[in-house]
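In what follows, a structure is listed as structure tokens, so that the remarks can point back to it.
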Amino acid sequence: MSTTATASDGATAESLTSVFVRLKLSLLRNGLRQSTGRSAAYIASMAVALLFAVLQLIGLIVLRSNAHAAALGVLLVAVLALGWAVMPLFFPSGDETLDPTRLVMLPLRPAPLVRALLVASLVGIGPLFTLCLATGAVIAIAHGAAAFAVGVLAIALTLLVCVALARAVAAANVRLLTSRKGRDLAVLSGLVVAIGAQFVNFGAQRLGSAGGLAPLEPFADVLRWIPPAAAVDAVDSVSDGAYATALAQLALTVAALAALLRSWQRNLTRLMTSPDGSTLGAAGPKPDGVRGSTGPARLLPFLRADARGGTPSRTTTAMERSLRYIWRDPKTKAAWITSLAIGLIVPLFNALQGTGSIYFACFAAGMLGIQMYNQFGQDTSSFWMVAMTISSTRDAYLELRGRALALLVITLPYATLVVVLTTAMLGDWPALPEVLGLSFALLGAMLATGAWSSARFPYSIPQEGYKNVAPGQTGLAWISIFGGMVSAALLCAPVLALTIWLHVAGADNWTWLLLPLGTAYGAGVTALGLRLAAPRTAGRLPEILAAVSKG
């Protein structure tokens with residue numbers, strides 16, 4: 001009886017696995033049938049990933065005779081595993097099968113379900129890329145028949161640990177990832193990519209200047225005992241004849257895989273047997289004395305009412321609305337996070353590499369100044385509520401002034417911080433006042449041209465998907481942003497010319513005047529730009545509303 005039950009369970013698990021593999025293939029196939037654009041994007045991404053994987057494989061094979069190939073292989077596998085761990089957090093919608101709550105109503109046992117999902121997870125571009133990189137690392141390290149035999153096991157363990165790690169993380173955070181705030185984690189992907197790319201670039205330059213892979217050895221000494229990198233290093237241990245070390249590393253990787261599968265299964269059981277309490281109490285009354293304000297209203301309480309007391313003014317209302325968009329709207333938040341990250345990374349990393357200039361710090365003001373462009377596009381179709389309150393040029397001016405002040409609340413301290421950090425890293429403190437003055441002048445020019453461009457070239461920002469411009473409005477976006485940036489550069493010409501003249505004339509002791517002059521110039525240009533943009537905004541409200549509601 002027990003033998004029959006065991007055989008039945010095994011047959012059920014095998015059939016369940018085949019069903020899930022076919023389901024995964026069907027999801028991929030049906031996803032490609034939705035639109036030609038999606039099919040082209042998927043095929044292009046697959047081709048790029050495969051090309052990169054093949055290049056990595058060839059590069060690792062070429063390094064086979066290098067004495068530090070093992071250190072590089074261990075480091076690459078560790079970074080790859082880290083990518084698998086964070087992938088579900090930053091791309092929760094990248095794989096429909098990452099959400100096990102879709103299977104709650106099916107009569108499935110956790111153990112067979114884990115096996116079926118694990119095998120189905122091996123279908124895709126990510127597992128294929130991981131397989132190529134792990135294979136290249138093993139080929140670069142293995143020397144001898146025994147090492148290659150262990151390498152086959154190491155490749156399988158690496159692939160399984162990476163996939164199980166991603167699944168375990170997704171199952172542990174599925175309630176968060178399927179919520180609205182959880183999806184906001186995806187906006188951090190731009191930040192992660194930007195920072196990661198700069199770190200890779202910085203590391204590659206440091207390795208090139210060091211003349212080899214030897215600097216990787218200290219990192220590899222630590223990572224070689226962390227699965228799944230431990231499995232890859234076990235191949236190198238066998239090549240060196242350290243069979244006991246290799247056995248310990250393989251055992252450690254197997255134990256990590258078992259722990260991940262156990263954690264995954266435990267989370268699946270909890271998800272399928274316990275109610276979703278993520279929204280319990282959301283509609284209940286708040287305790288006395290607890291206010292519901294969050295975000296900018298809590299950080300900037302002075303927005304609640306103006307200095308004259310009573311009700312908030314038009315300017316403070318526009319400020320609070322803009323700050324709430326930055327805090328809550330995923331598209332607006334993504335744009336701000338990306339600008340904040342790149343504006344800090346570019347000057348600091350150039351300073352770290354010893355090739356940067358202190359004037360690179362002005363890049364931060366430029367990146368944040370772009371956020372002033374297309375101010376009404378972020379409102380989308382809800383702009384009609386704002387348009388209904390604008391009946392005169394005065395109303396339009398106060399609306400634009402509130403939005404500009406909201407940007408200044410963030411951009412002024414941020415631009416100052418970037419300039420000070422860049423100056424400290426380069427040690428060029430005498431240049432601090434002039435760079436601050438240039439940054440403030442550039443920021444003022446971009447606020448002025450951004451206000452005018454928002455009224456003259458508005459365009460819609462789709463709320464769904466990753467597009468930032470509605471179809472048919474790409475030309476407007478290019479004219480708005482790049483035309484405005486050129487105009488801002490021309491507006492900054494007087495301050496820039498004064499800076500150049502002071503240095504050419506040898507009057508370096510007077511460059512500190514650029515701080516008050518640049519600040520005053522930026523403030524004046526901003527005020528002038530808002531005054532000129534106000535009548536155009538008031539006179540083009542129907543056209544602006546039609547343009548921003550198009551998406």
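Model, not experiment: these values are computed from the prediction. Below, each value reflects all heavy atoms present in this structure, side chains not excepted, and no hydrogens, waters or symmetry copies. Each residue takes its place number in the sequence, starting with 1.
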Handout entry: Sub-4.5 Å side-chain heavy-atom contact between F20 and S121
Key = no
Practice task
Return yes if some donor-acceptor pair links the side-chain N/O of S263 with the main-chain N/O of A259 below 3.5 Å, else return no.
Solution key: no
Output a table of donor-acceptor pairs, distance under 3.5 Å, between side-chain atoms of residues 361-370 and any protein atom two or more places apart or on a different chain; print 'none' if there are none.
none

Handout entry: Any side-chain heavy-atom pair of L223 and I226 under 4.5 Å
Key = yes
Handout entry: Set of residues satisfying salt bridge (Lys or Arg N to Asp or Glu O under 4.0 Å) with respect to D240, sequence neighbours excluded
Key = none
Practice task
With sequence neighbours excluded, give me every ring pair (Phe, Tyr, Trp, His ring centres under 6.0 Å) pair touching residues 115-137.
Solution key: F52-F129
Practice task
For side-chain contact (heavy atoms from CB on, under 4.5 Å), just list the numbers for E434 and Y359, CA-CA rounded to whole Å, side-chain angles, deciding distance to a tenth of an Å, and then say yes or no.
Solution key: CA-CA 9 Å; E434 65 174 290; Y359 296 102; 2.8 Å; yes
Practice task
Side-chain contact test, heavy atoms from C-beta onward, threshold under 4.5 Å: evaluate it for L340 versus Y414 and give yes or no.
Solution key: yes
Exercise for the section: Flag yes if more than 12 heavy atoms outside R262 fall under 6.0 Å of its CZ atom; otherwise flag no. Expected result: no
Completion exercise
Applied to residues 133-162, the salt bridge (charged side-chain N to carboxylate O under 4.0 Å, His left out) test, sequence neighbours excluded, yields none
Practice task
Could you pull out the closest heavy-atom pair between W264 and L118, with the gap in Å?
Solution key: CH2-N, 3.7 Å
Exercise for the section: Kindly indicate whether the side chain of L438, heavy atoms from C-beta on, has any atom under 4.5 Å from the side chain of L442. Expected result: no
Handout entry: Side chain to side chain, V238 and F148, heavy atoms closer than 4.5 Å
Key = no
Practice task
State, with a plain yes or no, whether a side-chain heavy atom of P430 is found less than 4.5 Å away from one of D428.
Solution key: yes
Handout entry: By ring pair (Phe, Tyr, Trp, His ring centres under 6.0 Å) - contacts of F482 (at least two apart)
Key = W478
Handout entry: From CA spacing to verdict: side-chain contact (heavy atoms from CB on, under 4.5 Å), V419, L432
Key = CA-CA 7 Å; V419 172; L432 176 63; 3.4 Å; yes
Exercise for the section: With sequence neighbours left out, write down each residue that passes salt bridge (Lys or Arg N to Asp or Glu O under 4.0 Å) with D233, or none if nothing qualifies. Expected result: R224
Practice task
I would like to know whether L268 and V114 meet side-chain contact (heavy atoms from CB on, under 4.5 Å); could you show each step before the answer?
Solution key: CA-CA 8 Å; L268 281 179; V114 166; 3.5 Å; yes
Exercise for the section: Starting from the C-alpha separation in whole Å, work towards a yes-or-no answer on side-chain contact (heavy atoms from CB on, under 4.5 Å) for T422 and L348. Expected result: CA-CA 6 Å; T422 307; L348 292 190; 3.8 Å; yes
